[in-house]
Peer 1: 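What follows is a single structure, and I will ask about it in a moment.
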Amino acid sequence: MEIIAKQNNFLKGAAILGIAGIIVKILGAVYRIPIVNIIKDEGIGYYQTAYPFYSLLLTIATAGFPVAIAKLASEKRAVGDYKGAYKVFKVALLGLIIGGTLASLFVALGARTIVEKLKNPNAYYSLIALVPALFFVPIMSAFRGFFQGRQNMTPTAISQIAEQLSRVASGLFLTSYLLKYGIPIAAGGASFGGSVGGIVGGITIFIIFMMSRKEIHHEIENSIESKEYKVSNIVKDLLVISIPITLGSSIAPIMDAIDTTFVLNRLQAINYSEELANSLYGQLKGMAQTLINLPQVFSIAISMSLVPAIADAKARKRKTEINSIASSGIRMTLLIGLPCAFGLFVLAKPIIGLLYYKNTLETINSTGEILSYLSFGVITLTLVQCLTAILQGLGRVMVPVISLFIGAVVKVILTYVLTGIPSINIKGAAISTVAAYTIAALLDLMSLVRSSKIKLDFKNIFLKPLISSIVMAIIAKASFILLNNIIGQRLATILAVLIGVVLYFILLIITGSITTEDFKLLPKGDKIEKKLERFKIFK
């Protein structure tokens with residue numbers, strides 16, 4: 001019963017973060033469309049020059065500390081050392097205040113030089129506007145890591161929504177208001193929305209922390225007597241965990257840089273014009289890959305819940321519990337990743353046509369073809385995120401870093417070779433991305449099974465969701481073909497997707513891929529579970 005309770009805690013945490021992630025993604029989409037309409041291509045160019053540099057600095061400033069805090073705090077709490085868990089948070093908070101201060105000062109003092117080196121001087125306002133975010137976001141991440149270590153995901157979810165709401169509202173207002181002063185300054189207003197979001201998100205989670213102080217102090221007073229966790233040891237343990245995570249987090253941006261560097265050059269090497277090469281690259285990154293990133297809302301939520309849950313079980317030496325939580329994490333990831341991948345594969349062109357209908361038929365067909373290749377990356381990308389979290393929770397933090405590095409090397413080679421073949425061209429970059437994450441996922445999975453002795457139920461975790469996804473994809477495709485001749489492509493696409501979703505859910509019930517336990521994640525889930533059991537819907 002205790003194992004089931006721990007598993008449900010992890011799944012509920014993942015569900016809370018998943019719902020918050022969906023809201024944040026929707027708000028982000030609502031934000032991006034009007035921003036583009038206000039500042040046009042020119043302004044977005046300034047904004048996009050500043051934002052990747054900000055993201056890189058933020059990764060360095062936070063240095064994987066939120067995951068490290070969650071893991072160490074969870075381990076201390078598992079053995080009743082609540083005092084030690086709180087001390088981890090205090091030390092990490094100080095470190096992140098220092099990191100945020102240094103990062104914000106670096107940009108504040110060097111913004112002009114940075115944008116000149118990037119050969120886009122007008123991006124200065126967009127970059128300088130992100131200075132407050134570089135200070136507040138690392139501090140906010142410390143509080144999020146602390147609450148995640150307590151396996152309480154609600155504060156993180158609330159702060160994420162507060163952060164994004166304030167970012168959207170302030171960003172839209174400032175962009176519109178500052179437009180009269182010129183597009184570069186208006187783009188700075190759009191960027192400053194990120195700073196406002198960081199400040200509001202930080203204040204929100206700090207208020208939640210203050211409201212929880214009584215409970216936290218009560219835990220500390222009832223903490224077991226244990227060997228003092230010295231500050232030097234805390235710093236060492238934080239760095240041991242966070243540095244590999246930082247290295248791993250930097251690999252994805254590096255892989256994007258590989259695409260930027262190689263793809264355009266290789267396409268032009270096979271006689272594509274600069275304009276056409278840019279167009280194809282935009283189809284890959286700006287259109288197709290946007291859809292691939294959406295399922296990550298759920299996989300990231302699952303991953304954030306997995307680290308403290310696995311670390312907690314490991315600290316208490318509960319092998320059966322570790323196996324159960326890891327299996328649930330992989331199962332939930334595949335239940336999401338597999339249908340998304342197969343659905344995008346069979347309906348690639350109709351979905352692109354539905355979302356980007358203002359583009360030419362040639363662009364829609366080309367992007368749809370790219371998406372069909374890229375779609376299978378959903379499975380391996382989400383699986384990599386899940387397996388990385390499990391391995392981090394088990395303390396094997398270097399394994400996913402090495403796996404991703406090997407995948408990145410393969411991507412470099414394949415991108416260079418495949419995009420230089422005229423008949424493959426831009427699709428080579430999509431293929432290389434899928435190959436890179438597939439290799440990383442297989443290496444992580446092998447390490448998990450062999451070294452960590454995790455036993456996975458192949459039939460329930462892999463086979464049943466796979467069969468359900470394939471059947472769903474076939475029916476969805478057939479529905480689209482049939483409806484397309486009757487009601488038109490766009491409406492047929494929407495109905496085919498809805499049919500696929502409903503059918504997939506039914507197939508999961510028939511195959512026993514989901515159980516009544518899974519419904520405990522929902523509001524009033526216990527009542528839903530009892531009703532389903534009464535009607536004997538589940539086996």
Side-chain angles (χ1 to χ4, degrees), residues 3 6-7 9-11 13-14 64 67-68 70-72 74-75 78 148 240-242 244-245 247-249 251-252 295-296 298-338 341 376-408 410 434-466 513:
I3 293 174
K6 289 288 182 180
Q7 181 177 319
N9 284 339
F10 144 66
L11 292 174
V67 174
K71 184 179 185 300
L72 293 177
S74 181
E75 289 173 349
Q148 288 162 20
V240 165
I241 297 169
S242 63
I245 292 171
L247 293 173
S249 299
I251 290 175
Q296 292 184 56
F298 302 98
S299 59
I300 290 172
I302 291 169
S303 300
M304 291 174 70
S305 295
L306 272 171
V307 176
I310 294 288
D312 178 281
K314 183 175 182 291
R316 292 182 291 110
K317 299 179 180 179
R318 301 289 180 88
K319 292 184 179 179
T320 304
E321 191 175 309
I322 292 171
N323 201 100
S324 176
I325 294 171
S327 296
S328 291
I330 296 171
R331 180 175 68 90
M332 293 297 291
T333 298
L334 289 173
L335 284 174
I336 296 164
L338 283 168
F376 292 105
V378 173
I379 303 170
T380 50
L381 175 56
T382 53
L383 198 54
V384 163
Q385 290 168 337
C386 172
L387 294 170
T388 296
I390 295 171
L391 289 165
Q392 287 171 349
L394 291 170
R396 298 178 59 80
V397 291
M398 281 305 297
V399 171
V401 175
I402 295 170
S403 299
L404 270 175
F405 177 76
I406 294 171
V410 172
V434 175
Y437 284 115
T438 299
I439 289 169
L442 289 174
L443 290 173
D444 285 346
L445 191 60
M446 287 189 291
S447 176
L448 187 65
V449 173
R450 291 179 182 178
S451 303
S452 304
K453 309 298 181 184
I454 298 289
K455 295 180 180 178
L456 302 174
D457 185 340
F458 180 81
K459 181 180 177 182
N460 287 317
I461 294 176
F462 297 99
L463 189 58
K464 287 182 178 180
L466 177 62
S513 297

Peer 1: For N460, which residues count as a side chain to side chain donor-acceptor pair (under 3.5 Å) partner, sequence neighbours excluded?
Peer 2: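 With neighbours one apart ignored, the set is D457, K464.
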
Peer 1: Roughly how far, to the nearest 0.5 Å, is CG of N323 from OG of S328?
Peer 2: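 Rounded to the nearest 0.5 Å, the OG-CG separation comes to 9.5 Å.
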
Peer 1: Quick one: closest heavy-atom pair of L338 and L466, and the distance?
Peer 2: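 Closest heavy-atom pair between L338 and L466: CD1-N, 3.7 Å.
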
Peer 1: Taking all non-hydrogen atoms of both residues into account, name the closest pair between G407 and A436 and its distance.
Peer 2: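 That would be O-CB, 3.2 Å.
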
Peer 1: Return the CD1 to OG1 distance between I325 and T320, rounded to the nearest 0.5 Å.
Peer 2: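 I325 CD1 to T320 OG1: 11.0 Å, rounded to 0.5 Å.
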
Peer 1: Sequence neighbours left out, what passes side chain to side chain contact (heavy atoms under 4.5 Å, CB included) with T388? Give chain and number order.
Peer 2: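 Listed in chain order: V384, Q392, P400, D444.
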
Peer 1: If you look at every heavy atom in I379 and G337, which pair is closest and at what distance?
Peer 2: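 Smallest heavy-atom distance, with atoms named: CG1-O, 3.8 Å.
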
Peer 1: Taking side chain to side chain contact (heavy atoms under 4.5 Å, CB included) as the test, write out the residues that go with L463, two or more places apart.
Peer 2: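 With neighbours one apart ignored, the set is F458, I467.
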
Peer 1: Taking all non-hydrogen atoms of both residues, which atom of L387 and which atom of A441 are closest, and how far apart?
Peer 2: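 In this case the closest contact between L387 and A441 is CD1-O, 3.5 Å.
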
Peer 1: Please name all residues satisfying side chain to side chain contact (heavy atoms under 4.5 Å, CB included) with L381, sequence neighbours left out, ordered by chain then number.
Peer 2: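 Testing L381 for side chain to side chain contact (heavy atoms under 4.5 Å, CB included), a comparison that skips the adjacent residues, returns Q296, Q385, Y437.
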
Peer 1: Looking only at heavy atoms, which two atoms of T380 and T438 are closest? And how far apart?
Peer 2: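 Minimum heavy-atom contact is CG2-OG1, 3.2 Å.
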
Peer 1: Under the side chain to side chain contact (heavy atoms under 4.5 Å, CB included) criterion, do I390 and L448 qualify, and how do the steps go?
Peer 2: CA-CA 8 Å; I390 295 171; L448 187 65; 3.5 Å; yes

Peer 1: Closest approach of Q148 and A70, non-hydrogen atoms and distance?
Peer 2: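 What the structure gives for the nearest pair is CB-CB, 4.1 Å.
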
Peer 1: Could you give the distance from CD1 (I402) to CZ (R396), rounded to the nearest 0.5 Å?
Peer 2: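 Output value for this atom pair is 9.0 Å.
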
Peer 1: For the atom pair OG (S324) and NZ (K319), what is the distance rounded to the nearest 0.5 Å?
Peer 2: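 Atom-to-atom, S324:OG and K319:NZ are 16.0 Å apart.
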
Peer 1: Going by side chain to side chain contact (heavy atoms under 4.5 Å, CB included), name the residues that satisfy it together with I439, two or more places apart in sequence or in a different chain.
Peer 2: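 Side chain to side chain contact (heavy atoms under 4.5 Å, CB included) check on I439 returns I406, V410, L443.
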
